[in-house]
Amino acid sequence: MDAVIRNANLADGQTGVDIAIEHGRIAAIGHALAVTAGREIDAGGDLVSAPFVDAHFHMDATLSYGLPRVNASGTLLEGIALWGELKPELTQQALVERALQYCDWAVARGLLAIRSHVDVCDDRLLAVEALLDVKRRVAPYLDLQLVAFPQDGVLRSPTAFANLKRAIAMGVDVVGGIPHFERTMADGAESVRLLCEFAADKGLRVDMHCDESDDPLSRHIETLAYHSHRLGLHGRVTGSHLTSMHSMDNYYVSKLLPLIREGGVAAIANPLINITLQGRHDSYPKRRGMTRVPEMLAAGIDVAFGHDCVMDPWYSLGSGDMLEVAHMGLHVAQMTGQDAMRACFTAVTDTPARILGLDGYGVAVGCHADLVLLDAADPVEAIRLRAARRLVMRRGQIVAESPRAQARLSLPGRPDVVDFRLTR
Ligand SMILES: [Zn+2]
């Protein structure tokens, strides 16, 4: 064997497990495996997980915070306006450099697969070219899946649909959309039809920014579920944000959830962004705005948590840490039961991996040896501590290492200097 990780806990609750790795894949999993390996790694009872997956991100905007100015109001609409100011000034080189820098942050955090939207409303398609270049360059260590995203509306912006088709022809993977940003509700519904039919024709996945508002009557998710079902796109369609569902009438939602399930449509909530951008027109009480995560999970709908933004026109914080995303999601959705907390870990690992359609993902024999060793015993502790990534492995190779979180205490009135582990 090339390597063996000893005494690991797994996210499914197994403890004291050995994981043997050969030729970049998991060759065996079991207790006290009788194998010799080129490299022995002692997990010491810590959690070994498949890597984090971010199913919703904007890599063309990331790390641009403050360019050309900061978002003074901190609102979604000023963010979109600011992005419009920044776009003409973007250079391909700067985009590539920022994206590569973000991918380094991601790898260090054990985040090895990202679905990024890329704005196709700039006729030069500069960002598309830049992120396709980045996708090729990071492929040895990170899976980057791209969504052709018509930020200004596929119908509202005159060249957007043609540009979207060009982006797909250039190698962009997924069809995006933004129905709530079209001029009218009817145009929004028409954009969903148009884009789903295009995706069905090309055999592509769909991921739309959908109903990202506090409008209880914004119902493009219903249209998306309808066309997914009509066109047989089950398992390939995602509604991102769905924040309007927070404000919808409860009776209507009781009809909507089975429709989403029937259409095989997955949902992505973006807790860090939803909790800061939604409810901005409210005084008090102020709505949270995040979509109905526990209710969707109970209805059998796949729900992932995405990061969405890191240091860009919409959000000045973030670090590529999907445990921070899960932590916020847990709080905003009040998912504090034991199973619910574990589901928040699944929402940044297994579920987004399924949404992206990742091949060979997971901790099972035959899967890629893409693994993260966390400074925590289990998924709940990992979220609680935003645990250090002791080791990140890609195809059996160690690509990042971090020390355990530790402090040296020298306390007045206490004689000993103590190295204090900040975990358990
Ligand atoms: Zn987004």
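Whatever order the structure lists ligands and atoms in, that order sets their numbers, starting from 1.
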Mind telling me whether Y102 and H307 have parallel, tilted or perpendicular rings, with 30° and 60° as the class edges?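 Plane angle over 60°, so perpendicular.
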
Name the orientation class of the two ring planes belonging to W314 and H58 (parallel below 30°, tilted from 30 to 60°, perpendicular beyond 60°). tilted

Rounded to 10 degrees, what angle sits at the Zn ion (ligand 1) between H209 NE2 and D308 OD1?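 The two atoms form an angle at the metal of about 180°.
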
Identity of the N, O or S atom of H56 lying closest to the Zn ion (ligand 1):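 Nearest N/O/S atom of H56: NE2.
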
Ignoring hydrogens and angles, state whether a donor on the side chain of T159 or D123 is under 3.5 Å from an acceptor on the partner side chain. yes

If we ignore angles and hydrogens, is there a donor and acceptor under 3.5 Å between the side chains of D173 and Q145?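 On atom types as modelled, these side chains do not qualify, holding no pair under 3.5 Å.
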
Of all the atoms in C309, is at least one N, O or S atom closer to the Zn ion (ligand 1) than 2.8 Å? no

